Amino acid sequence: MELLTPAEMDRADLLTIAGGSSGFALMLHAGRHVAQAAMELAEPGPILVIAGPGNNGGDGLIAATELVALGRTVHVMLLGERDALKGDAAMAAREWKGPLLPFLTQSIGSPALIVDALFGSGLNRPVKDQALEIIEAVNHSGVPVLAVDLPSGINGATGAVMGAAIRARETVTFFRRKIGHLLLPGRLHCGKVRLVDIGIEPAVLDEIRPQAFENDPDLWLPDFPVPRADGHKYGRGHAVVVSGELSQTGAARLAARGALRAGAGLVTVASPRDALAVNAAALTAVMVRPVDTADELGAMLADRRFNAVGIGPGAGIGEATQGKVLAALAAGPAVVLDADALTSFAGQPEALFEAIKSTSNPQVVLTPHEGEFPRLFSDMSNKNPLRSKLERVRVAAQRSGAVVLLKGADTVVAAPDGRAAIACNAPPWLATAGSGDVLTGIIAGLLAQRVPAFEAACIGVWMHGEAACEAGPGLIAEDLTETLPAVHRRVYDELGVEY
Ligand SMILES: NC(=O)C1=CN([C@@H]2O[C@H](COP(=O)(O)OP(=O)(O)OC[C@H]3O[C@@H](n4cnc5c(N)ncnc54)[C@H](OP(=O)(O)O)[C@@H]3O)[C@@H](O)[C@H]2O)[C@@H](O)CC1
Ligand SMILES: [K+]
């Protein structure tokens, strides 16, 4: 499903109003949904609504009015003067017939639930003074919080905490989720996100054309590779994984198994001769072929049946790996570059980007983690607070000409054309040695089946996260390939494919 920036949401709002609805009607829907969620969440006892000076506060005032009508005791505190409210929020304030408590931490008390309607998508600067004190006091109170639209203090476009932010038990948001609901740290502040319809027609999206999506099957289901009943293994592609030296061959084997489990028809590990025996002894369904140099890899890949290559896990940092990367890009299979293949171009990323842009087959995926990312994009580390993770990955994709996948609990995939997907299905136990190597392999396996690079990266990330959920806590990288069949079965169920 599409994810919106606050600016895009404002456009959805304006297009709906231009179509004949009133802004206040949207606010009434929003406030009533909030009240409904509060009824479900709150134990018996009073409910405190903390309202801000804009329309987020307006939603809160409508919810307060509705909750009283539903028989609850409600207290309201408002930041600023009632008379200073404008537009729809002023209309909402006229609906609220009760008193307003002073905007002080002492007013919080110990309600059964706090409805946080302080700031939503209109947050435009870091919170301080009174608002900061209230947010911190709410977080310390231990009272469950229902956030309206966004936990106050979270930037809806970036997920950043602007000074301080509410930690909610649940967040009710409208029409479509916002980017800040998925990107960290925003996601951690939202709790469960409930998406409700407030009367905005999905057709407004035709005009807005959002380019960010949640990474789930809705985004790529038609591209998911399903073997044909009349097909054979050669039709499912042949992935190559480049192995490192004798002392570091395990990473390539993990990747190779990932490629096979992702559905590649055949997988070959291109191994240095001195590691050939080790690789061969540890592999069964995966084949092994001696390859020491970039020239040898290039010669092997001249056989176009090898249609996808994964390089990086355990590959070793330096000129030898650089050479193999350039040979793979020149040969024309789809390519996924990870780990050492990326680090080998630290300080000279232009050489890599040039090679990517001049490849005959522009199906290239880069899969850095936050440590590797600035080695290629030195102005865009996560220490730079000016750009969100989404923006950083989009710029990286545009600059490199490749699909870029920046790993983390909120893995972002972006294509050079601006499309981007944010994942939120990875469990914390996925952060374990070798897990990234398996991901490289899964993506190589999908590329071998001719899934386009952006979709291959998205499907790979999603399956990797689901495989980790399937394995559960205590997961090691080897488990990921073994739980992938269960993940395939679930996608088949969604596709309605029998097995
Ligand atoms: N779009 C839609 O379709 C719909 C939107 N709806 C709702 O409207 C919400 C957006 O409303 P909004 O635009 O009025 O912004 P909102 O979040 O209330 O904040 C703006 C106010 O806060 C102030 N302010 C900002 N930062 C501050 C700070 N750090 N510290 C202190 N003050 C700060 C800012 O002050 P100013 O900048 O003017 O000085 C202004 O007064 C949205 O989240 C959703 O809940 C629904 O009703 C249904 C349909
Ligand atoms: K809020």
Side-chain angles (χ1 to χ4, degrees), residues 213 215 217-242 255-270 285-287 297-298 300-312 325 327-338 355-367 397 401-405 413-417 419 421 438-464 481 484-485 487-488 491-492 494-497 499:
F213 304 87
N215 185 354
D218 277 350
L219 180 63
W220 40 255
L221 206 55
D223 289 296
F224 191 84
V226 176
R228 291 158 43 136
D230 60 349
H232 49 69
K233 66 186 178 192
Y234 298 103
R236 300 174 67 191
H238 193 154
V240 175
V241 176
V242 175
R257 196 167 174 86
L260 205 55
R261 283 283 194 210
L266 304 106
V267 179
T268 294
V269 168
V286 173
M287 295 171 282
L297 182 65
M300 174 182 176
L301 297 177
D303 179 346
R304 299 304 296 269
R305 287 175 297 183
F306 297 113
N307 64 338
V309 181
I311 312 182
V325 169
L329 289 168
V335 178
V336 48
L337 301 177
D338 182 35
I356 291 170
K357 286 172 188 161
S358 45
T359 176
S360 59
N361 181 10
Q363 304 298 321
V364 180
V365 182
L366 312 181
T367 62
V403 168
V404 177
L405 180 168
V413 177
D417 64 11
R419 278 175 302 157
V438 177
L439 176 62
T440 300
I442 294 173
I443 295 170
L446 293 164
L447 291 168
Q449 294 167 87
R450 297 169 188 84
V451 178
F454 177 70
E455 285 76 12
C458 292
I459 295 173
V461 168
W462 185 87
M463 292 186 83
H464 190 239
T481 46
L484 272 179
V487 178
H488 277 281
V491 180
Y492 276 35
E494 281 207 39
L495 282 166
V497 176
Y499 51 90

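Since this is a predicted model, take the numbers as computed values, not measurements. Throughout, residue positions are numbered sequentially from 1 according to the sequence presented.
- Contact record, Ala453 with Val403: CB-CG2, 3.8 Å, taken as the closest heavy-atom pair.
- Taking CD from Gln449 and CD1 from Ile459, the interatomic distance works out to 9.0 Å, rounded to the nearest 0.5 Å.
- Atom CZ of Arg236 and atom CG of Leu260 lie 8.5 Å apart (nearest 0.5 Å).
- In this structure, the side-chain contact (heavy atoms from CB on, under 4.5 Å) partners of Arg257, at least two apart in sequence or on a different chain, are Arg261, Thr481, Glu482.
- Pairing each heavy atom of Val240 with each of Ala270, the nearest pair is CG1-CB, 4.0 Å.
- Expressed to the nearest 0.5 Å, how far OG1 of Thr440 lies from NE2 of His464 amounts to 8.5 Å.
- When side chains are defined from C-beta on, Ile442 counts as touching Leu484, because their heavy atoms get closer than 4.5 Å.
- Pro217 pairs by the side-chain contact (heavy atoms from CB on, under 4.5 Å) definition with Trp220, Leu221, Trp462, Glu494, not counting sequence neighbours.
- Smallest separation of non-hydrogen atoms from Ser360 and Gly332: OG-CA, 3.9 Å.
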Report task. Carefully, step by step, assess Leu366 and Ile356 under the rule side-chain contact (heavy atoms from CB on, under 4.5 Å). Result -> CA-CA 10 Å; Leu366 312 181; Ile356 291 170; 4.1 Å; yes
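- By the 6.0 Å contact criterion, NZ on Lys233 is open, its count of non-hydrogen atoms from other residues, nucleotides or ligands being 12 or less.
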Query - Full working for side-chain contact (heavy atoms from CB on, under 4.5 Å) between Thr268 and Met300 - result: CA-CA 11 Å; Thr268 294; Met300 174 182 176; 3.9 Å; yes
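- One N or O on the side chain of Asn215 and one on the backbone of Cys458 form a donor-acceptor pair closer than 3.5 Å.
- Note: Leu329 CG to Thr359 OG1 = 5.5 Å, rounded to the nearest 0.5 Å.
- Across every non-hydrogen atom of Val269 and Val286, the tightest pair is CG2-CG1, 3.7 Å.
- The neighbour count for Tyr234 OH, taken as heavy atoms of other residues, nucleotides or ligands under 6.0 Å away, does not exceed 12.
- Here the closest heavy-atom approach between residue Pro227 and residue Tyr492 is recorded as CD-OH, 2.9 Å.
- The closest side-chain heavy-atom distance from Leu297 to Ile311 is below 4.5 Å.
- Atoms CD and CG, on Glu455 and Leu219 in that order, are 7.0 Å from each other to the nearest 0.5 Å.
- Nearest heavy atom pair, residue Leu446 against residue Ala456, reads CD1-O, 3.4 Å.
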**Report entry** Residue pair Arg450, Gln363: steps toward the side-chain contact (heavy atoms from CB on, under 4.5 Å) verdict
**Finding:** CA-CA 9 Å; Arg450 297 169 188 84; Gln363 304 298 321; over 6 Å; no
Query raised in the report: So Val336 and Leu405, side-chain contact (heavy atoms from CB on, under 4.5 Å) or not? Walk me through it.
Result: CA-CA 10 Å; Val336 48; Leu405 180 168; over 6 Å; no
